[in-house]
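Everything on this sheet refers to the single structure shown next.
Each chain gets a letter, A, B and so on, in the order its sequence line appears, and its residues count up from 1.
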Number of protein chains: 2
Amino acid sequence: MKQNPSKQKVIKAASTLFFQKGFHGTSVRDIAERASVNVSSISYYFNSKQGLLEYAVTNYYENYLFTIEKTFNETNLLTPIDKLHSLISTIIQYKQNNYQLTCFIQRELSLDSVFVREMTVTYLAKENFYLKNIFFELLGERLKNDYKQYLFMQLKGMLITPYILHNDWKNQVVGDYSHQLFVKKYVRVIKDWLDFTVMSGEGIKRKAVY
Amino acid sequence: MKQNPSKQKVIKAASTLFFQKGFHGTSVRDIAERASVNVSSISYYFNSKQGLLEYAVTNYYENYLFTIEKTFNETNLLTPIDKLHSLISTIIQYKQNNYQLTCFIQRELSLDSVFVREMTVTYLAKENFYLKNIFFELLGERLKNDYKQYLFMQLKGMLITPYILHNDWKNQVVGDYSHQLFVKKYVRVIKDWLDFTVMSGEGIKRKAVY
DNA sequence: AATATATCCTTCATTTTTCACTCGACAAAT
DNA sequence: ATTTGTCGAGTGAAAAATGAAGGATATATT
């Protein structure tokens, strides 16, 4: 796993710069300079700027899905709701561990390009699969399908907002931006929402839902 | 208020292209072509590509804040919670009416540039002001300040997710992407969350919050 | 009313800048 | 000695910006 240091340096530099300035906003020269390597190295390792992007993103998602699947399989003995909690925790954890790439990719995903569409069908479809089934199962039969979709989007929103509103988060969420602490607390916030939502789905307390 | 049609055409074209391909991903030629005007017109009206961006964004936010302030002042007779609901409704409404710019700006805001920072202090600070005070007031005294911040971020997240996960929304939220219908339904989803959250803040039902 | 003047808008041609990528030489490692 | 990695210079294309000139329209002057 110990790769060429230059290659790693390039990826690291690219992650940071893409995160700060976006893909098109960053030039290969910028990356090379930050990584303290020659510009040509980038072509050498990744063929092109686009190649570098694809390498980084693919890598990110492969590990991402692997991590999710792992948790998914390890939590078969838990109740559905606990299983979902575990998945959420794993996801936030992973994203926090790969903070810059997460922010960058999330932003880039909102564009309209071939690359994005490929990523979506290849990786995001799977992520969706793991979450959606279990979430819908938890919601039960009482709610309208329509409304369930909205709730699901709400959940997905919670899984990404820290990586989109990251400026707000930094400013608002006082002091402790230690990753571990953040994961713990934020997962808790989602958990509270989730428990309430599922409870509503079971017909308790919430009246006349659509 | 009836401005030069060419100028308007440029802004419209730019909004669409920035939305699809991002700021750096779009060339002024693309914009000029789509708007059916000469390339130099853009320099003429906005000095530069950057100038065009700033004009569009500034304009967007001026109106945005104006709309919020209007609602804010018109709802003084309502209870705090209803006032907040009104504000949320207004915000979603506005964003939906300026869909492409909203998506684009939201994405761009997650970058790290001087321009973004300026926008943040100039406009987003005010938006924050209107929402935060009232939201915190509603939450009461029981919750830890820390936790309130998280809840507030959760709220802000809900106000933007449709404009960041717009690909997901299009795919998932079945059929009806009619703006009016969407506003109505989505505001309802947020309302449910809000009512629950406020209720928890008052100490009902939710136990051992932090 | 007719002409002159100024202002606003558009176009074309050109320059300047930026950027991704290539090439061939050189060095290090195996 | 062959592979692997590094480097500087260079190329061509793309894109932004400029500037001068031409038209249109409105305003002012006689």
(request) May I have the distance from B:Q50 (atom CD) to D:dT18 (atom P), rounded to whole angstrom? (result) 14 Å
Review item, nucleotides 25-30 of chain C N/O atoms under 3.5 Å of protein N/O:
none

(message) I need the CG-P distance between B:N38 and D:dG22, as an integer number of Å.
(response) 16 Å
(message) Once side-chain contact (heavy atoms from CB on, under 4.5 Å) is applied, do any residues pair with B:S40, and if so which ones, sequence neighbours excluded?
(response) B:N38
(request) Kindly indicate whether the side chain of B:S40 and the base of C:dC12 share any N or O donor-acceptor pair separated by less than 3.5 Å? (result) yes
(request) Check the distance between C:dC19's C1' and A:I31's CD1 and give it to me in whole angstrom. (result) 12 Å
(request) Apply salt bridge (charged side-chain N to carboxylate O under 4.0 Å, His left out) to A:K12 and list each qualifying residue two or more places apart in sequence or on a separate chain. (result) none
(message) Run A:D192 and A:R188 through salt bridge (Lys or Arg N to Asp or Glu O under 4.0 Å) and show every step you take.
(response) CA-CA 6 Å; A:D192 287 345; A:R188 172 61 191 268; 3.2 Å; yes
(message) Between A:K83 and A:F72 (side chain of the first, backbone of the second, donor and acceptor by atom type, cut-off under 3.5 Å), is there such a pair?
(response) yes
(request) Quick one: list whatever passes side-chain contact (heavy atoms from CB on, under 4.5 Å) with B:N97, sequence neighbours left out. (result) B:Q93
(message) Once side-chain contact (heavy atoms from CB on, under 4.5 Å) is applied, do any residues pair with B:E54, and if so which ones, sequence neighbours excluded?
(response) B:Q50, B:F115
(message) Heavy-atom nearest nucleotide on DNA chain D for A:S41 versus B:N47: which residue maps closer to 5'?
(response) A:S41
Under 3.5 Å, which protein N or O atoms sit close to an N or O of nucleotides 13-16 of chain D? Give each pair with its distance.
from   : atom 1 : to    : atom 2 : distance (Å)
D:dA16 : OP1    : B:K49 : NZ     : 3.2
D:dA16 : OP2    : B:V28 : N      : 2.9
D:dA16 : N7     : B:R29 : NH1    : 3.3

(request) Check salt bridge (charged side-chain N to carboxylate O under 4.0 Å, His left out) between B:R117 and all other residues, then give those that pass, not counting sequence neighbours. (result) B:D112
(request) Using only side-chain N and O atoms of B:Y44, determine if any of them is under 4.0 Å from OP1 or OP2 of D:dA17. (result) no
(message) From CD1 of A:I42 over to C1' of C:dA20, roughly how many Å is that when rounded to an integer?
(response) 10 Å
(request) Would you state whether a donor and an acceptor, one from the side chain of A:S6 and one from the base of D:dG5, lie under 3.5 Å apart? (result) no
(request) Could you check how far CZ of B:F46 sits from C1' of D:dT18, rounded to whole Å? (result) 18 Å
(request) Please name all residues satisfying ring-ring contact (aromatic ring centres under 6.0 Å, His included) with B:Y94, sequence neighbours left out, ordered by chain then number. (result) B:Y60, B:Y64
(request) Please tell me which of the listed nucleotides, D:dT6, C:dT11, D:dT18, lies nearest to the side chain of A:Y45? (result) D:dT6
(message) List the residues meeting side-chain contact (heavy atoms from CB on, under 4.5 Å) with B:K191, not counting sequence neighbours, and say none if there are none.
(response) B:H85, B:D195
